[in-house]
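Structure, as structure tokens:
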Amino acid sequence: MKKILALFLIFLGSGFVIYSLMVLASCFALLSSTEFNSVGIGYSIGTLFGPLLLIAFSRWMIRRGIKLFKQNSPLTK
């Protein structure tokens, strides 16, 4: 059961990383396409912090999943 949870954490974390990278790419496109006014800068800064926090959380999930997977592995026993 722990192996299934570990794989779920790894896949969910990977999905969050991919989603965050897509959001960051769209934010970069927004920054490069619009002129720099106060509304655009505020929106882009707010758009940057969310995906970066999500990537940090996703890294934790992936590391936790790998740790659970390795603990349950028959090779380590």
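Computation of the quantities below employed the complete heavy-atom set of this structure, encompassing side-chain atoms and omitting hydrogens, waters and symmetry-equivalent molecules.
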Separation of S58 OG from L21 CG (nearest 0.5 Å): 9.5 Å
Spatial distance of atom CD1 (I55) from atom OH (Y19) [nearest 0.5 Å]: 11.5 Å
Any side-chain heavy-atom pair of L54 and V23 under 4.5 Å: no
Nearest-0.5 Å distance that lies between atom CD1 in I10 and atom CE in M61: 10.0 Å
Point-to-point distance, once rounded to the nearest 0.5 Å, from CZ of F57 to CG of L12: 8.0 Å
Point-to-point distance, once rounded to the nearest 0.5 Å, from CD1 of I62 to CG of L9: 9.5 Å
Residues forming a ring-ring contact (aromatic ring centres under 6.0 Å, His included) with F8, sequence neighbours excluded: none
Residue pair L5 / L68, side-chain heavy-atom distance below 4.5 Å: yes
Rounded distance [0.5 Å steps], NZ in K67 versus NZ in K2: 11.0 Å
Closest contact, heavy atoms only, L7 versus F69: CD2-CE1, 4.1 Å
